[in-house]
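This report concerns only the one structure given below.
The sequence lines fix the lettering, A, B, ..., with proteins before strands; numbering per chain opens at 1. Remember, predicted model here, so these are calculated numbers, not experimental data.
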Protein chains: 2
Amino acid sequence: MKAKVTAHDVARLAEVSQSAVSRAFTPGASVAPDTRERIHTAARQLGYRPNAIARSLITRRSRIIGLVMSYLENQFYPVVIEQLCQALQQDGYHVLLFISDTEDADNVLMDILQYQVDGIVMASTTLSSALANDCIDAGIPVVMFNRVAQRRTMGGYATSAVTSQNRAGGRLVGELLVSNGHRRIAWLAGAENASTSHEREAGLCDALAAADLQLHARGVGHYDFAEARRAVLALFRDPANRPDALFCANDHMAIAALETLRTELGLHVPRDVSVVGFDNVPQAAWPSFDLTTVQQNVGQMVDATRTLLFEQIGGQVLARGVTVPCVLVERGTVGARSVEYQTHKTSETT
Amino acid sequence: MKAKVTAHDVARLAEVSQSAVSRAFTPGASVAPDTRERIHTAARQLGYRPNAIARSLITRRSRIIGLVMSYLENQFYPVVIEQLCQALQQDGYHVLLFISDTEDADNVLMDILQYQVDGIVMASTTLSSALANDCIDAGIPVVMFNRVAQRRTMGGYATSAVTSQNRAGGRLVGELLVSNGHRRIAWLAGAENASTSHEREAGLCDALAAADLQLHARGVGHYDFAEARRAVLALFRDPANRPDALFCANDHMAIAALETLRTELGLHVPRDVSVVGFDNVPQAAWPSFDLTTVQQNVGQMVDATRTLLFEQIGGQVLARGVTVPCVLVERGTVGARSVEYQTHKTSETT
DNA sequence: CTGAAAGCGCTTACAG
DNA sequence: CTGAAAGCGCTTACAG
């Protein structure tokens, strides 16, 4: 292991000042073409690479973005990490990844702030917005990803957020289900404090209201596989009063529902019950699930995140929310209910 | 957004020198208990947090580990990220995440080195080991995760690696298949240049050889869902010469195989063909797959990675490989083949 | 136990 | 276009 080579070493070899070396590695700095050439040659010879830490100290820009997540079991998040990371790399930024359970969020915050990140992306539906507010106080741009922070009027600041048009997405599902003749539609919520879950449910209820219907039943799965299973079991406990459709707040829970309905309850999807998810994770397309769902456009969400981040890093104080359209992906888990069948089923339990 | 508060500001308020402030935040430094107290109070009042960037510059330790991955579709890797990240956080380290296609690996390397990471973990089966060697030249500890680097005798350095006992794992599967009466066992390789795939195949062949058998057929899926599907289609093209068992180099491909066998080939698993994977990703336990597989112990692999990393950061030059035991997880995708059935099938094609 | 001072490796006005 | 110099915010011998 060789000793670290610094700009001084290169300067000596290239017979220029250390400042010149710095300029030769700063895009747009004024250096004569041939000195730049000489410096680069010397640098290559010595294996010199500018020290990004030292640069950060003087420029007060680390070009590091903190990405906070709480769990990766839901495949939606690995997809987000991958795309966000690659996009930011292309922008010349890098990602410091923090995995945080909701409890140790405060320690995580401390760490992030010490590392002088230029911005923070919070891509987890279960993270406290108190955390976000602390960051704003520290003057670091924060954008919530797939989550809306609680409004905070004090001080005039708010947190930027990028989300899908969750309510519209929920409505699309509601309309699909209604138009296919479903009348006993159940909702499986994510976390009760998650804006995504709320919005999607509200959209579903919009569509039901437009058809003079209301929610047939409601469970809570906390965006968790095992909890979703339990909730589904409860929702379908009474055979005489079974939902004819189940809309789950995300695909992860929808897949849990599918598994539970088939394996433990012996029900056929979509014949006995239709199932719809939200996200369009890779597994939703697997033949075993063939899940009808609402696709969140991760690419657009990532673009919006970058825009928001750079806007604020560039000094624009205003936080704002960006909302990205999502589209219904119809696959095989929604069936048609005939009117006869509907009437029959309804009279059976009335 | 308030101006950044520095150690000087705290010093002024607490009426001590800036050095004292630094000591108050350095565990083990000699400060009088009451001055430390006064300093901490002042710091809290001002919202001071030590600047980790400045500290890194002087200590020449960034406490950042670079984690390089190429794709996250295979659920094994999100699990690794999550556990590695959390473990390193507890060790007081943080993770700079790099997503790299195999092509832009060089740029990625540049970036990592500029950020003065204390070490690098390469947790991707498809990453070039030339990259790793460059890092070693730069004096940065590298540990390969779930992959073995090409040996490099020159200079006496080699790359540390933590892997599962892949060959033993492959052998376990071979023995299971043989003892259940399978005689026409096919192998679906990952990437041809991946040590994991090689080792697992070698283990399988060990078991086959012990029973005087050899591979019935062989495909290559490049650890990719779509490619695995194509390979399976080719492997099962001839109904008269079909494998009675398929061992896939990882679960991701095994699930692709399961889907293809059932949906496109109309075969029943395990009645018509047994399927085994490797990794034990979360989905392997889902009822739809109920996949028999070999579990890689991520916890132990992560622990070994930390040990290796800290060993080398601490100045021990020696690179070494650590190998972690893996265990067979028997689920529902392996059936029994009776001798009659075997004989019948074999004679049918001979 | 404490402070003054040097220095980590850069960037960036400021002169020339 | 180029160099000398100051300074980013810390840590850490070195004296006292």
Original post:
So A/Tyr77 and A/Phe145, ring pair (Phe, Tyr, Trp, His ring centres under 6.0 Å) or not? Walk me through it.
Top reply: CA-CA 10 Å; A/Tyr77 288 108; A/Phe145 188 99; 7.6 Å; no
Original post:
What dot-bracket string describes DNA chain D from 5' to 3', counting Watson-Crick and G-U wobble pairs whose defining distances are under 3.5 Å, with [ ] for crossing pairs and | for pairs to another strand?
Top reply: |||.||||||||.|||
Original post:
Under 3.5 Å, is there a donor-acceptor pair between the A/Ser160 and A/Gln312 side chains?
Top reply: yes
Original post:
Hey, does A/Arg23 reach any base, or is it just sugar-phosphate, or nothing, if we go heavy atoms under 4.0 Å?
Top reply: base
Subject >> Residue whose nearest DNA chain C nucleotide is more 5′ - B/Val31 or A/Val21 >> reply: B/Val31
Original post:
Taking atom types as modelled and ignoring hydrogens, do the side chains of B/Gln296 and B/Ser164 form a donor-acceptor contact shorter than 3.5 angstrom?
Top reply: yes
Subject >> A/Thr6 side chain to A/Tyr48 side chain, donor-acceptor N/O pair below 3.5 angstrom >> reply: no
Original post:
A/His94 side chain to B/Leu96 main-chain N or O, any donor-acceptor pair under 3.5 Å?
Top reply: no
**OP:** Just call it for A/Ser56: base, sugar-phosphate, or nothing, with non-hydrogen atoms closer than 4.0 Å on any strand.
**Re:** nothing
Subject >> Residue list, salt bridge (Lys or Arg N to Asp or Glu O under 4.0 Å) with A/Asp9, at least two apart or on another chain >> reply: A/Arg12
**OP:** Pick base, sugar-phosphate or nothing for A/Thr59, based on heavy-atom distances below 4.0 Å to the nucleic acid.
**Re:** sugar-phosphate
**OP:** Remember a base hit wins even if backbone is also touched, and classify B/Tyr48 as base, sugar-phosphate or nothing at under 4.0 Å, heavy atoms.
**Re:** sugar-phosphate
Original post:
Which two nucleotides bound the region of DNA chain D that has atoms under 4.0 Å from heavy atoms of chain A, read 5' to 3'?
Top reply: D/dC1 to D/dG9
Subject >> Proximity of B/Tyr223 and B/Phe76 rings by center, below 6.0 Å >> reply: no
**OP:** Walk me through it: do B/Phe310 and B/Tyr93 pass the test ring pair (Phe, Tyr, Trp, His ring centres under 6.0 Å)?
**Re:** CA-CA 11 Å; B/Phe310 298 151; B/Tyr93 280 81; 5.1 Å; yes
Original post:
Which part of the nucleic acid does B/Val16 contact within heavy-atom distance under 4.0 Å: base, sugar-phosphate only, or nothing?
Top reply: sugar-phosphate
